[in-house]
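Down below is the structure, laid out as structure tokens.
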Amino acid sequence: MDITVHDHARATARAHSNIALIKYWGKRDETLNIPAVGSISVTLDALSTTTTVTFDATAGEGGRAADDEFWLNGVLTESTRVLGVLDLVREQAGLTSPAVVTSTNDFPTGAGLASSASGFAALALASSAAAGLILNARELSVLARRGSGSAARSIFGGYVALHSGTQKDGLDAFAEPVLNASDWPLSVVVAITTHDAKTVSSTHGMAGSRATSPFYPAWVDSAEDDLTAMRAAITTRDFCQLGELAEHSCMKLHALMLTSRPALIYWNAGTIAAMHTVRMLRETGIAVYFTIDAGPQVKALCAPEDAAAVAHALAATPGVNETRTSSLGRGAHLVEA
Ligand code: 2P0
């Protein structure tokens with residue numbers, strides 16, 4: 001790619017969403033967006049964001065953020081976070097050109113399907129490539145994290161761990177792979193109970209939990225043990241252990257949310273019905289476990305050979321509108337526009 005400040009410098013990247021098995025909730029630094037706890041996720045093949053960034057040097061000197069445009073699913077959208085990532089890239093690359101960003105999700109946006117994870121991972125890669133920056137995966141992960149914590153994980157495919165780190169500058173709060181997707185295939189059946197966007201953002205919700213839930217200190221204190229146990233379950237490929245730990249982390253997260261003031265209730269009736277379906281399937285001998293993020297969708301974790309039966313049962317559950325089955329996906333990558 002020919003990149004000069006006299007030209008339109010463009011790159012397109014695709015990144016996949018991810019689902020945390022051990023959850024992130026709460027920050028140790030809000031300005032630098034550094035998580036208070038580590039997390040472990042799987043990257044999902046079926047949910048992706050494709051983002052094109054064009055730095056337009058012909059727009060003249062002093063363009064910068066005021067002239068940036070961010071088109072999300074075809075709609076011109078205000079996002080200080082997107083502008084923040086573009087500014088970080090411009091600063092590192094020594095650019096002043098404004099950018100046009102076009103981003104498209106192939107799944108519902110802002111409804112607990114982690115569109116900010118795939119979105120900021122794709123933005124980090126597309127914007128840095130368009131600016132001519134050569135970042136390694138760890139640097140890309142840190143850049144994506146500045147946009148959204150969970151996005152740091154979507155830089156990688158398969159099973160991924162995000163470290164909370166200890167440094168004040170957050171440069172040790174990056175994600176890294178734990179196991180390749182092909183080394184241990186897994187299916188995630190997403191039961192979609194609504195397409196509506198959530199009313200309380202994760203950023204806002206987790207700040208409230210940190211400030212008001214009496215469970216928050218216990219959440220932070222127990223994180224390290226959960227991470228160690230999950231890492232062991234993944235490296236030994238112990239699916240029941242992975243599932244039990246994931247369900248426990250999910251329930252602990254929602255206990256934290258429910259005990260925040262005001263309480264955060266991300267579930268709807270379909271969410272609860274789907275949780276019971278998963279538990280009922282388990283009683284019939286299918287190894288399947290649920291996890292739920294800051295939204296009403298239920299994600300069922302199972303072996304690929306059980307995915308059709310799990311999807312069938314979830315689709316028949318009252319309040320479930322649609323299911324999507326995903327295998328594990330790859331990390332963020334550049335694509336042809
Ligand atoms: C996670 N979630 O680990 C947890 C579980 C939601 C519930 O990461 O403020 O959108 O942008 O860093 O990454 C959602 O939080 O929050 C999230 P910010 P983000 O996947």
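What you see below is based on every heavy atom in this structure, not just the backbone, and it leaves out hydrogens, waters and symmetry mates. Start at 1 and go down the list; that is how both ligands and their atoms are numbered.
Without hydrogens or angle criteria, Arg237 side chain to Asp183 main chain gives a donor-acceptor distance under 3.5 Å. The backbone N or O of Lys27 lies less than 3.5 Å from a partner atom in the side chain of Arg210, making a donor-acceptor pair. At least one donor-acceptor pair under 3.5 Å links the side chain of Thr77 to the backbone N or O of Val75. A donor-acceptor pair is defined here as one N or O able to donate and one able to accept, closer than 3.5 Å; no such pair exists between the side chain of Asn18 and the backbone of Ser41. With hydrogens and angles ignored, the 3.5 Å screen pairs no side-chain donor or acceptor of Ser118 with any backbone N or O of His16. A donor-acceptor contact shorter than 3.5 Å is absent between the side chain of Arg10 and the backbone of Ala130.
Contacts with ligand 1 closer than 4.0 Å are made by no heavy atom of Ile19, backbone or side chain. Within the 4.0 Å heavy-atom criterion, both parts of Ser150, backbone and side chain, lie near ligand 1.
Using a 4.0 Å cut-off between a side-chain N of Lys or Arg and a carboxylate O of Asp or Glu, Asp225 and Arg231 do not qualify as a salt bridge. Using a cutoff of 4.0 Å between basic side-chain nitrogens and carboxylate oxygens, Lys168 and Asp29 are not scored as salt-bridged.
Each of the atoms 11 (O), 12 (O), 13 (O), 18 (P) of ligand 1 lies under 4.0 Å from some heavy atom of Gly149. Those atoms of ligand 1 that come under 4.0 Å of a heavy atom in Ser116, given as number and element, are 10 (O). Here is the list of ligand 1 atoms found below 4.0 Å of a heavy atom in Arg81: 9 (O), 11 (O), 18 (P). Counting atoms of ligand 1 from 1 in the listed order, those under 4.0 Å from a heavy atom of Asn33 are 12 (O). Atoms of ligand 1 found under 4.0 Å from any heavy atom of Leu253, numbered from 1 in the order shown, are 5 (C), 7 (C).
Residue Ala20 has no nitrogen or oxygen atom sitting less than 3.5 Å from a nitrogen or oxygen atom of ligand 1, judged on distance alone. In terms of N/O distances under 3.5 Å, ligand 1 is approached by Thr203. For a threshold of 3.5 Å applied to N or O pairs, the pair formed by Lys23 and ligand 1 contains no separation below that value. Polar contact check, Asn18 against ligand 1: no nitrogen or oxygen pair lies under 3.5 Å apart. Geometrically, ligand 1 and Asp293 share no nitrogen or oxygen pair separated by less than 3.5 Å.
Nearest protein heavy-atom contact of atom 19 (P) of ligand 1 is Ser148 OG, 3.4 Å. When only non-hydrogen protein atoms are considered, atom 18 (P) of ligand 1 lies nearest to Lys27 NZ, 3.3 Å. For atom 15 (O) of ligand 1, the nearest protein heavy atom (residue, atom name, distance) is Ser202 CB, 3.4 Å. Among all non-hydrogen protein atoms, the one lying nearest atom 16 (O) of ligand 1 is Met206 CE, 3.5 Å.
Here the shortest heavy-atom pairing between Glu247 and Tyr289 reads OE2-CA, 3.3 Å. Closest approach of Thr291 and Cys250 over heavy atoms only: OG1-CB, 3.7 Å.
The residue among Tyr266, Tyr24, Phe120, Trp25 with a heavy atom at the shortest distance from atom 3 (O) of ligand 1 is Tyr24. Comparing Arg145, Arg153, His254 by heavy-atom distance to atom 20 (O) of ligand 1, the nearest is Arg153.
Put simply, the residue from Ile234, Leu44, Val42 that forms a side chain to side chain contact (heavy atoms under 4.5 Å, CB included) with Leu186 is Val42.
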